[in-house]
Amino acid sequence: MVETIVLSLGAAALMGACATIAGAAEDLESDFGSQSNANSQVQLAPQVGYLHRYYNKAVSGEPVAYGFLCCTGAAIALALNTALGINIVISLALGALIAALMYAVYATTAYMGRLTGQKRFGQPIYLDILYTTTPSLIAHAFIAALGIGAFSYLMNLVLGQPFPYPILAMLWGVIVGGMGSAVGDVHYGAEREYQNKPFGMGLPAAQSGKIVQKGEAGLRNSMDVAGYCVKHGAPLTGFGLGITVFADSWREILFTQFWNGWGAMVAGLLLVLIWVIANRILEMWTRNTYGPYKTAED
Amino acid sequence: MDPITLLLILVGITIGGLLVGVGVHFVPVGGAPAAMAQATGIGTGTTMLAFSSGALGLISAGFTVHDIYSGSLKGAYPNFAPSLNDGTLLTASGIGPNLGAIVLVIAAGIVGSMLMMVILAVMANILYAFAIAVPLVSAKVKYDPITGDRQDLYVTRGTEGHGTPTVALISALIGGLLAGAGGAILYLALVASKFSVPTAAFIAIGVFFVNSVLASYNITGTIEGFHDPKFKRIPRAIIACTIASFVLGIWAIAIVYLGVV
């Protein structure tokens, strides 16, 4: 039994690492393609007179897009592995590749369609943006799909989760999309898109759509965005997903043997409590360090 | 299958869907504005945020059902595997001996869902604190109902707050609790009606999505949690989600009754 636990823990550690890389790649891909929440500003910008050179993708929002990207990759891998007997590692890679290429089709049609709709505001379609950014997009979507397919496979095979790994890949794809949307997109939307606004404030509603047009060197494009967000937003997203995968697997592997399975539940609730306390400490720290924007009148 | 079992499965699916719909109202959704530090909450859409947490609850519940059925917990809950094989888990005589196992599975769904929700909220807060450098406050209340901290002085002018303060986080945990419990009950009801594991997972995901989207339409965009005035709209969601889950439950038991699976 100890051997099973050690094997499972090792697999869980590998899954955590895969998830961290996949999460970072997911957020970077959504920064290259300007997907999801932060894209609302890119979509709004030409309408308020701010023409731009960002990619404008937004294929249905991140969680759904990643759910189905990873599910497609894993399903193709399942088909290649079981029907043609191809080695699972190569199957996962081929599945992720085909899914990423399919994703690129959606990205291209989204870009062309969205910008065509903004022709009346004078927003041009930059073909050089399409040609240079789409391959980076494919590459990062491939990494994300491969990472999630790989750790879903491990979860099914080694940890013993009963769902087939394409379904697990879909569930984890939605989770990684939610993580990227909640964590990484904020770095893109609140910080990079409005780099010329003062540091340390939220975005007032009147400033919506007035995104940065001129970057540090030349006109701002999505490559600059990803190069910036890779320093904070993307690793934090990856860390969030990695800790989710690892913590959930860790508490299930180690503590299910105690109290007829209730040990794992108690361990999970203790973890939640630790995170809530950490959040309270963080909240107090931000209030004390940054201080109020205005003094109280009373 | 006898009518009582089918009825209990229908009740299980309806209750599971209803819990999901109600739980979604507690989750602090900031939507697109939150990603620009313009609104309080987590910067994802309502549906997908609830589904992300419910997905981990479903994975956790699936793990536990598998452990009890054929894994390390098989000896601790010996009645579970035979009940599941016969399809007698959700009968009047089957629930009693298996109550411990059922409660454990629901607890697994709850814990998975709460863990996901807290990690989503706190990782986003870490980013707000260090990359955007804003305090975590809500503009909808003057004082945080749980910690008593003053909120309005710390809100950027022109925004509706930023980050996920403590009251929103507690609301998120309650939402995760309900959504995870609902997902686990859904999965258990489907597995007990002799659907195979992948089919049960798929149907559970489907019912989860339907209730999640219904609740999201009721909220119409963003909500901060139970302290938000929009929370008073919850009675409409209760009615809508009950009816929707009931209809989906009828389909599920019709498939079981006609012996398709």
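Values below: all heavy atoms of this structure, side chains included; hydrogens, waters and symmetry mates excluded. Residue numbers begin at 1 in each chain, while the letters A, B, ... track the order of the sequences.
No donor-acceptor pair closer than 3.5 Å links the side chain of Asn260(A) to the backbone N or O of Ala76(B). In terms of modelled atom types and a separation under 3.5 Å, the side chain of Thr244(A) and the main chain of Ile119(B) share no donor-acceptor contact. Looking only at distances, no side-chain donor or acceptor of Glu252(A) sits under 3.5 Å from a matching main-chain atom of Phe63(B). Between the side chain of Tyr188(A) and the backbone N or O of Ala35(B) there is no donor-acceptor pair closer than 3.5 Å. Ser52(B) places no side-chain N or O within donor-acceptor distance of the main-chain N or O of Ile175(A), the cut-off being under 3.5 Å. In this structure, the side chain of Arg287(A) engages the main chain of Arg150(B) through a donor-acceptor pair within 3.5 Å.
In plain terms, the two heavy atoms of Gly202(A) and Thr156(B) that are nearest each other are N-OG1, 3.0 Å. The nearest pair of heavy atoms linking Gly178(A) to Thr44(B) is O-OG1, 3.6 Å. The two atoms that bring Met36(B) and Ser40(A) nearest to each other are CE-OG, 3.6 Å, heavy atoms only. Residue Val174(A) comes nearest to Phe51(B) through the heavy atom pair CG1-CD2, 3.3 Å, listed as atom of the first residue, atom of the second, then distance.
Of the listed residues (Gly163(B), Ala108(B), Ala39(B)), the greatest number of heavy-atom pairs within a distance under 4.5 Å of chain A belongs to Ala108(B). Ranked by heavy-atom pairs shorter than 4.5 Å toward chain B, the options Leu271(A), Thr237(A), Leu241(A), Leu159(A) are led by Leu159(A). Annotation: maximal heavy-atom pairing with chain A below 4.5 Å, among Ser70(B), Gly43(B), Ala37(B), occurs at Gly43(B).
Within the 4.5 Å cutoff, side-chain heavy atoms of Met170(A) are placed close to those of Ile205(B). Looking only at side-chain heavy atoms (C-beta outward), Val186(A) and Ile132(B) come within less than 4.5 Å of each other. Residues Leu269(A) and Met114(B) meet the side-chain proximity criterion, which asks for heavy atoms closer than 4.5 Å. No side-chain heavy atom of Thr286(A) sits less than 4.5 Å from a side-chain heavy atom of Tyr154(B).
Ring orientation note: the planes of His162(B) and Tyr293(A) are nearly perpendicular, at an angle over 60° on the 30°/60° scale.
Heavy atoms closer than 4.5 Å to chain B are found nowhere in Ala206(A), neither backbone nor side chain. Both the backbone and the side chain of Phe130(B) have a heavy atom closer than 4.5 Å to some heavy atom of chain A. In this structure, the portions of Val103(B) lying under 4.5 Å from any heavy atom of chain A include both its backbone and its side chain. For Glu193(A), the part lying near chain B is the side chain, with the backbone staying farther off; criterion is any non-hydrogen pair under 4.5 Å. Contact annotation for Tyr187(B): only side-chain heavy atoms (C-beta onward) come within less than 4.5 Å of a heavy atom of chain A. Val64(A) touches chain B through backbone and side chain together, each having a heavy atom under 4.5 Å away. Interface residue Thr164(B): only backbone heavy atoms are found under 4.5 Å from chain A. Only the side chain of Gln41(A) has a heavy atom closer than 4.5 Å to any heavy atom of chain B. In this structure, the portions of Leu236(A) lying under 4.5 Å from any heavy atom of chain B include both its backbone and its side chain.
Atom CH2 of Trp285(A) is surrounded by more than 12 heavy atoms from other residues, nucleotides or ligands within 6.0 Å. Residue Phe68(A) places its CZ atom among 12 or fewer non-hydrogen atoms of other residues, nucleotides or ligands, all under 6.0 Å distant.
Side-chain contact of Glu283(A) with Thr166(B): a donor-acceptor pair under 3.5 Å is present, judged by distance alone.
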